[in-house]
Amino acid sequence: MNYLSEAQSLYHPLLKGAYELHVHSSPSAFPRKQTDWELVEEAKEAGMKGLVIKAHEGATYDRAALIRQQMPDMNVYGGLVCNLFTGGLSSHSVDMALRMGAKVIWMPTISAEQHAKYFAEYRQERFFNSETSLDDSSSNLTILNEKNKVKDEVKKILYLIASYDAILATGHLSPYEVDILVEEARAFGVKRILIQHADLGIAKIPMDLQEKLAGQGCYIEKCYLACGEDFNNITVPQMADSIQTLGSESCILVTDYGQPHNPPPVQGLSEFVTELINEGISEEMIREMITTNPESLLF
């Protein structure tokens, strides 16, 4: 057995040809399990086809471009999160990101009003713990104006996303904001929409709204982080039930891993796949959620 086949035997065979669309690596202001290169090397060893690298505090589209130059057989992409540290809800920042090859534009995460509300109630010491504290006193970004309508600057961002046929990801917006954003995005012609970690407590999406969004053509992230001891928002059996309810054609499996205390993202995805199969999710459904759907969303 050669080295590559030995490495692949460490991971579930369904990872061959798969994608992970929500991972964190370094360089980062926050502690990370792996560097970009270590993450991509492990994904390659597992036989995966691609990754999307996300950073709350900076751009990842340029990092991904350099990785693709060195490893053209790996479909590694990045984008821009509309946090305060990257320009906030700025159409100028988004325009430049898209010009430079950003595949995903994420709505605010750690700068979102919803994020601040959640962590004011639920302390979480393992996340967003940079060496020196971030100034988050202005972390109250929302996509809505005082009339609960989508802000004009956000409309400009949606127009740009549609123009480049890029992916809109919902970040840490509240369910109410997500519902309104998707309606507005569809009106602007945005075709690729990813509802982020819908079962994670930071901005948990009620199941009836998940069904509505899936019916509107959005992909729903089913996120392993929500099942772990960090958040304990949903059990794996409950996650499996939610996938059965929505249909695998509407779901994408992700880990949201990269934190030092969690397994490496590729290992985490392998564990997630194994646990869901043990709960009755078929291999065909798994393949749809980690290969077919991610490819459809990306390309």
Side-chain angles (χ1 to χ4, degrees), residues 1-25 32-34 38-54 74-76 126 194-201 207 210 214 219-298:
M1 181 182 288
N2 63 32
Y3 170 73
L4 188 60
S5 58
E6 280 183 8
Q8 288 181 356
S9 70
L10 299 173
Y11 307 102
H12 197 285
L14 284 173
L15 262 61
K16 189 173 182 179
Y19 292 79
E20 223 294 20
L21 301 190
H22 193 154
V23 291
H24 299 276
S25 48
R32 294 300 182 211
K33 189 82 171 186
Q34 296 170 308
E38 290 168 337
L39 169 64
V40 177
E41 284 288 353
E42 186 176 10
K44 187 174 182 180
E45 287 173 5
M48 294 176 66
K49 286 180 71 174
L51 300 160
V52 172
I53 299 171
K54 180 181 178 184
M74 291 295 291
N75 295 310
V76 180
R126 289 176 164 182
L194 182 61
I195 309 300
Q196 292 222 272
H197 38 50
D199 307 290
L200 190 66
M207 197 61 203
Q210 289 189 41
Y219 284 111
I220 315 296
E221 272 189 358
K222 292 292 152 179
C223 174
Y224 199 31
L225 187 66
C227 302
E229 63 180 20
D230 290 317
F231 290 92
N232 282 314
N233 298 129
I234 187 171
T235 65
V236 174
Q238 289 170 335
M239 182 74 79
D241 287 343
S242 77
I243 291 168
Q244 296 284 14
T245 298
L246 293 169
S248 56
E249 68 277 5
S250 296
C251 299
I252 290 177
L253 302 185
V254 303
T255 62
D256 196 2
Y257 275 9
Q259 307 82 15
H261 62 278
N262 281 323
V266 175
Q267 180 184 326
L269 186 61
S270 182
E271 292 174 3
F272 195 18
V273 165
T274 300
E275 291 191 43
L276 286 172
I277 288 174
N278 290 340
E279 294 300 328
I281 301 298
S282 70
E283 291 192 359
E284 183 181 359
M285 293 172 73
I286 296 290
R287 191 173 291 109
E288 189 167 30
M289 294 186 288
I290 63 176
T291 302
T292 307
N293 295 346
E295 282 189 335
S296 177
L297 185 66
L298 285 169

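The figures that follow rest on heavy atoms only: side chains count, while hydrogens, waters and symmetry mates do not. For the single chain, residues carry numbers from 1 onward in sequence order.
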With Ser25, which residues qualify under side chain to side chain donor-acceptor pair (under 3.5 Å), at least two apart?
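In terms of side chain to side chain donor-acceptor pair (under 3.5 Å), with neighbours along the sequence ignored, Ser25 is linked to Asp36.
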About how many Å separate [atom2] of [Y] and [atom1] of [X], when rounded to the nearest 0.5 Å?
X      : Y      : atom1 : atom2 : result
Met74  : Leu51  : CE    : CG    : 5.0 Å
Tyr19  : Ile290 : OH    : CD1   : 11.5 Å
Asn75  : Leu298 : CG    : CG    : 7.5 Å
His197 : His22  : NE2   : NE2   : 4.5 Å
Leu253 : Ile281 : CG    : CD1   : 9.0 Å
Ile277 : Ser282 : CD1   : OG    : 8.5 Å

If you take all heavy atoms of [X] and [Y], which pair is closest and at what distance?
X      : Y      : answer
Ser248 : Met289 : O-CG, 3.5 Å
Pro265 : Gly258 : CG-N, 4.0 Å
Tyr219 : Cys251 : CD2-N, 4.4 Å
Cys223 : Thr255 : SG-O, 3.6 Å
Pro260 : Lys33  : O-NZ, 3.0 Å
Val254 : Leu21  : CG1-N, 4.2 Å

Looking at Ser296 and Thr292, would you say the former's side chain and the latter's main chain have a donor-acceptor pair under 3.5 Å?
no
Under 3.5 Å, is there a donor-acceptor pair between the side chain of Asn233 and the main chain of Gly201?
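Pair found, side chain donor or acceptor close to backbone of Gly201.
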Audit row: Asn278, Val236, side-chain contact (heavy atoms from CB on, under 4.5 Å) steps and yes/no
CA-CA 10 Å; Asn278 290 340; Val236 174; over 6 Å; no
Inter- and intrachain pairs under salt bridge (charged side-chain N to carboxylate O under 4.0 Å, His left out), touching residues 280-292, at least two apart:
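Every pair satisfying salt bridge (charged side-chain N to carboxylate O under 4.0 Å, His left out) with a residue in residues 280-292: there are none.
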Assess the residue pair Glu279 and Met239 against the criterion (side-chain contact (heavy atoms from CB on, under 4.5 Å)); give the C-alpha distance rounded to whole Å, side-chain angles, the decisive distance to 0.1 Å, and a yes or no.
CA-CA 9 Å; Glu279 294 300 328; Met239 182 74 79; over 6 Å; no
Carefully, step by step, assess Asp199 and Gln210 under the rule side-chain hydrogen bond (donor to acceptor under 3.5 Å, both in side chains).
CA-CA 9 Å; Asp199 307 290; Gln210 289 189 41; 3.2 Å; yes
Would you please name every residue forming a salt bridge (charged side-chain N to carboxylate O under 4.0 Å, His left out) with Lys54, sequence neighbours left out?
none
For Lys49, the salt bridge (charged side-chain N to carboxylate O under 4.0 Å, His left out) test, sequence neighbours excluded, returns Glu295
Do His261 and Asp230 have side chains that approach each other closer than 4.5 Å (heavy atoms only, starting at C-beta)?
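Side-chain contact under 4.5 Å: yes.
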Please examine the side chains of Leu246 and Met207, heavy atoms only from C-beta on, and report whether any two atoms are closer than 4.5 Å.
yes
Could you walk me through whether Glu38 and Arg32 pass side-chain contact (heavy atoms from CB on, under 4.5 Å), step by step?
CA-CA 11 Å; Glu38 290 168 337; Arg32 294 300 182 211; over 6 Å; no
For Tyr257 and Leu225, run side-chain contact (heavy atoms from CB on, under 4.5 Å): C-alpha distance rounded to whole Å, both residues' side-chain angles, the deciding distance at 0.1 Å, then the answer.
CA-CA 7 Å; Tyr257 275 9; Leu225 187 66; 3.9 Å; yes
Could you list the donor-acceptor pairs under 3.5 angstrom formed between side-chain atoms of residues 266-275 and any protein atom two or more places apart in sequence or on another chain?
{"unit_1": "Gln267", "atom_1": "NE2", "unit_2": "Glu271", "atom_2": "OE2", "d": "3.2"}
{"unit_1": "Ser270", "atom_1": "OG", "unit_2": "His12", "atom_2": "N", "d": "2.8"}
{"unit_1": "Thr274", "atom_1": "OG1", "unit_2": "Ser270", "atom_2": "O", "d": "3.0"}
{"unit_1": "Glu275", "atom_1": "OE2", "unit_2": "Tyr224", "atom_2": "OH", "d": "2.4"}

What residues form a side chain to side chain contact (heavy atoms under 4.5 Å, CB included) with Thr235, not counting sequence neighbours?
Pro237, Gln238
